[in-house]
Every structure is written in C-alpha cells, then in structure tokens.
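First the proteins, then the strands, lettered A, B, ... as listed; each starts at 1.
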Amino acid sequence: MRLSRYFLPILKETPAEAQIVSHRLMLRAGMIKQASAGIYSWLPMGFKVLRKLENIVHEEQQRAGHHPMLMPTLQSADLWRESGRYDDYGEEMLRITDRHGRDMLYGPTNEELITDIFRSYGGSYKQLPLTVYHIQWKFRDEVRPRFGVMRGREFLMKDGYNFDLTKEDALHSYNRHLVTYLRTYERMGLKAIPMRADGGPIGGDYTHEFLVLAETGESEVFYDSAVTDLSFDDRDIDYNDKAQCGAILEEFTSKYARTDETHEEALFNEIPEERRMTARGIEVGQIFYFGTKYSDALGATVTDGEGNKTAVHMGSHGIGVSRLIGAIIEASHDDKGIIWPEQVTPFGAGIVNLRQGDDATDAACEDLYAKLTAAGVDPLYDDREERAGGKFASMDLIGLPWRITVGPRGLKEGKVELTRRKDGETIEMSPDDAVARLAEIYG
RNA sequence: CGGGCUAUAGCGCAGUCUGGUAGCGCGUCCGUCUGGGGGACGGAAGGUCGCAGGUUCAAAUCCUGCUAGCCCGACCA
C-alpha cells in the first residue's frame, strides 16, 4: 500500500476523550473513530488488524475440528424467556421492539440461539460430539463504556458452543478449547494466562478466563510466577486425544492463577513467597462447561444408544476479538507508539523514502515496494511529500515491526537500512538483502 | 446508578467570571527555500460557539430546559 493513497488519518495530538494508552494510540494511528459511547467505526488499518485476528481464530478453531457458522445479531426475546435469562440479564441487554410490537434484543451472547438450532435438528447421539462457533458483533449496554475498544458496548466476539453426550466428553471439549485458546493467543504474540474464573450470568462450575498481563488491566490477578514460565511453543496436538488435551490443561492450570473474583488468600500463601505475584490483567477470553443448564431449559436432547432421550452436555467459549487489539497494544507499545507483533501487524514493513522526488531514491523505493509485495511482505510505502522526521514519527506511531529507510546517502553505497521497531536496532544492507531478510521473516 | 466535569475550525485549546464584529497552536491547501527524527518564510481556506427557548439595543458569554461525551466509584467479554 502506498501511504499517499491510503486512508490513514494520523493524529499528531491525542483526542481528549482517550485516557489509556491503547485507546490513544488507536485513535492517533487512525485505526478507529468513535461513533457514539462505546461504539466505534473501524478505519482501514484498524479493520485490517481485526481481520488478521479473526483469521487466526478461524484457523485455530478449524484446526481443532470446530465448524464456523454465523448467527444474527438480533434475536427474538421468546427464546430468552424460555431459558429464563430475559429477565435475569438485566439492563445490559439492549431490548428493541419491532414494528409489530415484538420484543427483540441485540444479542449479548448466543447460548439460547445455538441451543434452539441444535434442538431443531437434533435427535441422535451419533451427531455428537459437535462444536460450532461464529465471530459476530455483540452488544452489551454497559453502564459506563470506556477505554476504547477494551470496554465498548458493541464488540466483536468469537463464541463457540460444544454439544456432547456425556459430561466426560464435554470436559474433553473444555480441555480441547483451552488448548486451542493457548495456541490462538500465542500466535497473536500474546501471553495469555488461564485463570480460574467465576461463572457469571452464563453459569457453570468449570470455567477459566484468559488474561493478558498489562498495567492498565481491569482485573487484579494473583499468580504463581511459574505460570508465566510456561510456553505452548507450537506443539503438535491431536485434538481428539483426551489424555493429551487433559495433560495440557493440567500443565497450564495446576499452578495458582486467579483473578480477584476467585482469589483465596490462604491458597495463595502456600506458594513460596518469591513466586507470589500480584498484577493486573486484561480478560481476553473465557471458556465454560455448564452441563445441561441450557439443554434442560430449552429441551435440547438426543437419543442415546439405548433409545433414551438425554439432555446434551454443553459448554461455551468466547474470545473478545475487538478487545484483543487493545490488549495487544497495551502489552506492546512504547512512548512513540504501537509495536505490532509480526503475526498481527497491519503491514509487514514500512518503506520510508527520505527524499521524495529524488529520482534515484524514488526508483529504489519503487523497486523495493514491488519486490516486497511480490515476496508477500505486504509493505506500506510512505511516499508522501514529508520530511524525514515526520515519516519516522508516523512509522513509529503505527508500529510496523520493520522499517526500511531509503535515502540518497545510503544509496550511494548501495545500502538501505533495516530497522526493527521493537528495539530500534538498525542494520545497513543492500536492498535485495533487505527483501530476502523480510521474506524469510514473513515466509 | 451515585459523585465530578466538558461541549468554541479536522485535532488540542483560549475567550465565558466582567455581554459589544470569534482567536491561538497543530493539521489542511498554494508558493518558495529546505531535506536523515514532526524545518523556515509568505499566502489561503475552514466556525449557525452542542440543541431549543428566554433576558437584552446587543449573547460563545447571563437564565431555563434538553442532548451528547468524558472522568471517579459501584457493575461487566
């Protein structure tokens, strides 16, 4: 992409409403624009990152055999009356009346709808196990939306639902989801720690939240430092292997790690003192096993091998996809701007032309742009009539992991500079070497 | 939902107390010089001062009502 042709409204000054760093940087980097309280438009670069996150979620869900689908944002109140949650959910649920006077709602989650779908076609245990999911906009009418996309009212969430014949099978689904989540967050360059959680309005005894450690996190967390040493490292997983998934759950959840909601001081104090950590975290996902709560309420049954009707065991699992962008920025930035992990960066590298209009420099940049594009690096070429300082500041702000700096001085020696955003490390090399290097990084 | 606050040009702000022809910085557009970390100079465009009503010869400014947004707390993916 040529920056001169892109829609990237970079702000030099911070809009007054933004308090936390991810919100400020997202506004300044031209990723989002507030439409009303807690509701945002996603501008091209923000949308690009959002799509990348969605893709990672899709890939990891489908790798585990979960099926993508799409349910509507608007739902009928009838289903929610049937489950009893129409009244329980309270003011957070946005209620709407259509022209016929029918009560509708903008879905805050989809347990009812998916259970209704399942029961409509259900019947045999032979269909099980089944896990379906979708990535769809949700609405929760927060009393006080804030922090940009971190606590919006409208937000993009991946929510998945598993249907199993027995509790044992459903717990395997639970474990399997934990594994997919570990891998998903790792692929986004995030360290998200599973912590024992509270069921909340969705309910259920088995539930873990995934938290990204960050100073601005909304939850206070308590954990054994041994959990942050754990690393998933792209293991080869057989998602049907109950023992393997169970072992991973055991490995990642047996150490103490809890939010303030479930924290128990006595248990915490059993950890050796030097490993007792208190910090703040951003919740980016949660998994639940809630048994037959919804299948009982809504009559979602299957016929088992002996001809008896039995309620299916269910679980649900969510990832706050739009919130993740905020979480990634909170976890990865400096005073100059965002520092994107390579896995989710909107563009693989930036090309900074220090002397726009100089024939040799322009030609070198064009050549780099073409080669990087061909190599799949997806470069952003800053071809604006700007001075060097402005271009550097813009690149630092939007936070692409790599920058190629092209100027007449270096070109005389046949060199450009390759700079890593994370630490500013700069190496001079030939343009072709820079292309090869980036092609390898993103290959 | 309790408490606090804000609304003036695309963004950040001053002007409001004490009513009298709406300003600054950044950004934008044009030109010249410049050219490796937000450069200089010259010129230009851009505002029913959140909305409605009232007081007044005169309202961004005073009064009333409304709307939107922000912050702290309680609550939440």
Assess whether one donor atom and one acceptor atom, taken from the side chain of A:R387 and the base of B:G38, lie less than 3.5 Å apart. no

Nearest-neighbour nucleotide for the A:Q19 side chain, B:C71, B:G38, B:A77 considered: B:C71

Across every strand shown, the nucleotide meeting Watson-Crick or G-U wobble geometry with B:A7 (both distances under 3.5 Å) is B:U67

What one should report as the nearest heavy-atom pair of A:V149 and A:S322 is CG2-O, 3.5 Å

Using atom CD of A:E92 as one end and atom P of B:C75 as the other, report the distance to the nearest whole Å. 12 Å

Touch class at under 4.0 angstrom, heavy-atom based, for A:T14 against every strand present: sugar-phosphate

Taking the C1' atom of each, how far is B:G4 from B:A60, in whole Å? 24 Å

Separation between the P atoms of B:A68 and B:C51, rounded to whole Å: 15 Å

Are the ring of A:F392 and the six-membered base ring of B:G38 within the stacking cut-offs of under 5.5 Å and under 30°? no

Nucleotide nearest A:R146 when distance is taken to its side chain, options B:A77, B:U28, B:A74: B:A74

Which listed nucleotide (B:C1, B:A77, B:G12) is nearest to the side chain of A:V143? B:C1

note: A:M395, atom CE; B:G38, atom P; distance rounded to Å ~ 17 Å

Can you tell me the distance, in whole Å, between the CG atom of A:L3 and the P atom of B:G38? 18 Å

Roughly how far apart, to the nearest Å, are B:C62 and B:G20 at atom P? 11 Å

A:Q356 has an atom CD; how far is it from atom P of B:G37, in whole Å? 17 Å

Scan A:L354 against the nucleic acid and name what it touches under 4.0 Å (heavy atoms): base, sugar-phosphate only, or nothing. base

Applying a 4.0 Å non-hydrogen cut-off, can you work out what A:G424 is touching in the nucleic acid: base, sugar-phosphate, or nothing? nothing

Any donor-acceptor N/O pair under 3.5 Å between B:G27 base and A:E13 side chain: no

What contact category does A:G390 fall into here, base, sugar-phosphate, or nothing, at under 4.0 angstrom with non-hydrogen atoms? base

Distance check needed: B:G38 P versus A:D382 CG, whole Å only. 15 Å

Counting only N and O atoms by type, is there a donor-acceptor contact under 3.5 Å from the side chain of A:K191 to the main-chain atoms of A:T228? yes

Using a 4.0 Å heavy-atom cut-off, does A:G318 contact any base of the nucleic acid, only the sugar-phosphate backbone, or nothing at all? nothing

Can you tell me the distance, in whole Å, between the CD atom of A:E385 and the C1' atom of B:U28? 16 Å

What's the gap between B:A7 and B:G50 when it is taken at their P atoms, as a whole Å value? 8 Å

Can you tell me if the side-chain N/O atoms of A:K12 get under 4.0 Å from OP1 or OP2 in B:G27? yes

Flag, side chain of A:T292 to backbone of A:V312, donor-acceptor distance under 3.5 Å: no

Look at all strands and tell whether A:D396 reaches a base, only sugar-phosphate, or nothing, counting heavy atoms closer than 4.0 Å. base

Check step by step if side chain to side chain donor-acceptor pair (under 3.5 Å) holds for A:D362 and A:N353. CA-CA 7 Å; A:D362 287 357; A:N353 183 340; 2.9 Å; yes

Whole-angstrom distance between B:C70 and B:C13, as gauged at atom P: 15 Å

Measure the shortest side-chain to side-chain distance between A:E209 and A:P194 over non-hydrogen atoms and say whether it is less than 4.5 angstrom. no

So if I take every side-chain heavy atom of A:E386 and compare against B:U28, B:A77, B:G39, which nucleotide ends up nearest? B:U28

Using the C1' atom as the point on both nucleotides, what is the distance between B:C72 and B:G53, in whole Å? 34 Å

Does anything in residues 17-46 of chain A pair up under salt bridge (charged side-chain N to carboxylate O under 4.0 Å, His left out), and if so which pairs, sequence neighbours excluded? none

Which is true for A:M150 with a 4.0 Å heavy-atom rule: it touches a base, it touches only sugar-phosphate, or it touches nothing? base

Tell me which nucleotide, if any, is Watson-Crick or G-U wobble paired with B:G73 when both distances must be under 3.5 Å. B:C1

Partner nucleotide, any strand, of B:C41 [Watson-Crick/G-U, under 3.5 Å]: B:G31

May I have the distance from A:E142 (atom CD) to B:G73 (atom P), rounded to whole angstrom? 15 Å

Of the listed B:A77, B:G25, B:C70, the closest approach to the A:E17 side chain comes from B:C70

Using the side-chain hydrogen bond (donor to acceptor under 3.5 Å, both in side chains) rule, pick out the option among A:R85, A:E82, A:R119, A:E112 that qualifies with A:Y294. A:R85

Return the OH to CZ distance between A:Y381 and A:R2, rounded to the nearest 0.5 Å. 7.0 Å

Given the P atoms of B:C30 and B:A45, what is the spacing between them in whole Å? 15 Å

Which sits closer to the 5' end of RNA chain B, A:M157 or A:A37, going by the nucleotide each is nearest to? A:A37

Using heavy-atom distances to pick each residue's nearest nucleotide on RNA chain B, tell me which of A:R384 and A:E209 is more 5'. A:R384

Which nucleotide in the list B:G36, B:G69, B:C11 gets nearest to the side chain of A:P15? B:C11

Could you state the atom-to-atom distance from CD of A:Q34 to P of B:C11 in whole Å? 12 Å

For B:C17, the nucleotide meeting Watson-Crick or G-U wobble distances (both under 3.5 Å) is none

P spacing across the pair B:G19 / B:U56, given as an integer number of angstrom: 16 Å

Minimum-distance nucleotide to A:R144 side chain [options: B:G36, B:C1, B:G12]: B:C1

